[in-house]
Amino acid sequence: LALLEFAVTRDELKAIYPLISSSINSMVDRLAPVLIERGMQGGIRVYHESFQRFLLETRLEESEQRKAVLGPVIEWLRAKGFFKDARAFRFLSPLLAEIGDDKAVCSLVDAAYVASAVAACHGEAAIVKNIAVAAEAAVRLQDWKALVRSMELAKEISEYAFNRMDEALGSFSDIPIALFGANWLADRLLYEGRPVFPARLGLQLCEAIDRAGSVPPWKEYIDAFRLTRAN
């Protein structure tokens with residue numbers, strides 16, 4: 001839990017570590033004073049960031065220890081699908097970098113990466129973060145082809161975010177709804193309860209989801225829009 005930047009449920013911990021699945025509930029209960037568990041927000045985290053840092057510095061200093069702990073998490077995220085699952089998309093690359101698998105990082109961010117990420121309706125910030133992780137991995141590998149590719153992908157997502165996102169996603173929101181369903185798109189609009197897209201575009205998508213008969217996150221995007229106007 002200290003190594004993860006995202007929350008996991010008890011059932012997810014059991015799926016990640018099947019060999020100790022029968023002990024997960026008792027372990028979590030015993031550690032309850034230093035954990036926070038929220039059903040509505042997706043699971044369990046270490047309660048305080050300073051304690052999380054302490055655990056990393058005193059219990060998980062060695063790279064081999066971290067590999068042993070993170071290996072099952074990485075395989076679990078891979079099985080969910082890099083572009084299909086929001087947590088896999090956001091955290092698989094950083095975890096691979098954490099265990100030193102820079103080649104795997106670069107292979108995720110290939111020439112079709114931005115197109116695939118946009119087609120899967122991921123937000124700009126998460127798309128850019130993966131490119132940055134891949135660029136750092138390319139430098140460590142001295143793989144200049146991969147580095148140049150990351151630079152070109154950064155230009156692609158910049159062009160999309162600043163000039164084409166409203167047109168591509170806002171005007172054609174019926175396409176992802178037809179392909180994946182309105183509920184799927186509604187889930188894509190938030191991550192851990194926070195808006196993924198710019199407020200105005202988010203409201204357009206909420207309207208499209210509403211028309212399609214699903215329940216969009218109106219409140220979060222109306223609040224974000226009011227904040228934008230206030231600033």
Side-chain angles (χ1 to χ4, degrees), residues 1-39 41-110 113 116-117 120 122-123 125-143 146-147 150 191-192 194:
L1 290 172
L3 279 169
L4 299 182
E5 294 182 35
F6 56 92
V8 286
T9 66
R10 294 179 185 230
D11 286 342
E12 287 170 340
L13 282 171
K14 292 172 187 177
I16 294 167
Y17 301 108
L19 292 178
I20 57 169
S21 61
S22 61
S23 302
I24 292 292
N25 284 333
S26 61
M27 289 176 175
V28 172
D29 290 341
R30 184 174 295 182
L31 291 168
V34 296
L35 301 177
I36 184 166
E37 186 171 9
R38 293 175 178 168
Q41 295 186 13
I44 309 161
R45 294 177 184 267
V46 175
Y47 183 77
H48 203 283
E49 187 180 333
S50 61
F51 183 60
Q52 186 173 2
R53 287 197 305 270
F54 169 78
L55 291 172
L56 295 176
E57 291 168 3
T58 61
R59 296 289 184 269
L60 291 162
E61 292 178 284
E62 297 178 11
S63 62
E64 290 306 313
Q65 286 180 311
R66 296 193 179 202
K67 282 183 184 179
V69 174
L70 290 177
V73 180
I74 288 169
E75 293 310 311
W76 177 71
L77 289 175
R78 275 183 168 144
K80 287 182 170 293
F82 181 54
F83 292 105
K84 290 181 180 180
D85 183 81
R87 281 183 297 184
F89 187 76
R90 288 170 176 264
F91 298 109
L92 183 55
S93 287
L95 289 177
L96 287 167
E98 176 71 27
I99 67 167
D101 196 347
D102 289 329
K103 287 186 177 179
V105 173
C106 291
S107 70
L108 286 175
V109 184
D110 59 13
Y113 164 76
S116 299
H122 290 291
I127 295 173
V128 169
K129 181 181 176 183
N130 283 330
I131 294 172
V133 173
E136 292 170 355
V139 170
R140 288 191 293 270
L141 291 170
Q142 296 190 3
D143 185 341
L147 180 60
S150 294
Y191 182 75
E192 293 190 339
R194 295 188 293 272

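Small disclaimer: the values here were computed from a predicted structure and weren't measured.
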- Flag the pair E37 and R10 as a salt bridge only when some basic side-chain nitrogen lies within less than 4.0 angstrom of an acidic carboxylate oxygen. yes
- So, for H48 and S50, which heavy atoms are closest and what is the spacing to 0.1 Å? ND1-OG, 2.8 Å
- Should R53 and E57 count as an ion pair when the cut-off is N to O under 4.0 Å? no
- Query: Does C106 reach the side chain of L141, with side-chain heavy atoms less than 4.5 Å apart?
  - Reply: yes
- Query: Is the closest basic N to carboxylate O distance between E136 and K129 below 4.0 Å?
  - Reply: no
- Are the charged groups of R87 and E12 less than 4.0 angstrom apart, N to O? yes
- Paired with H122, the ring-ring contact (aromatic ring centres under 6.0 Å, His included) test is passed by just one of Y191, F82, F89, namely F89
- Task: Would you check if Y17 and M27 make a side-chain contact, meaning some heavy-atom pair closer than 4.5 Å?
- Result: no
- Task: To the nearest 0.5 angstrom, please state how far the OG atom of S107 sits from the OH atom of Y113.
- Result: 12.5 Å
- Note on the structure: Rounded to the nearest 0.5 Å, the CD atom of Q52 sits from the CG atom of L4 at a distance of 8.5 Å
- Task: Grab the two heavy atoms, one from L96 and one from A104, that are nearest each other, plus how far apart they are.
- Result: CD1-CB, 3.9 Å
- Item | R90 charged N/C atom sitting above F6 aromatic ring, 6.0 Å / 45° | no
- Message: Does K80, at its NZ atom, have more than 12 non-hydrogen atoms belonging to other residues, nucleotides or ligands within less than 6.0 Å?
- Response: yes
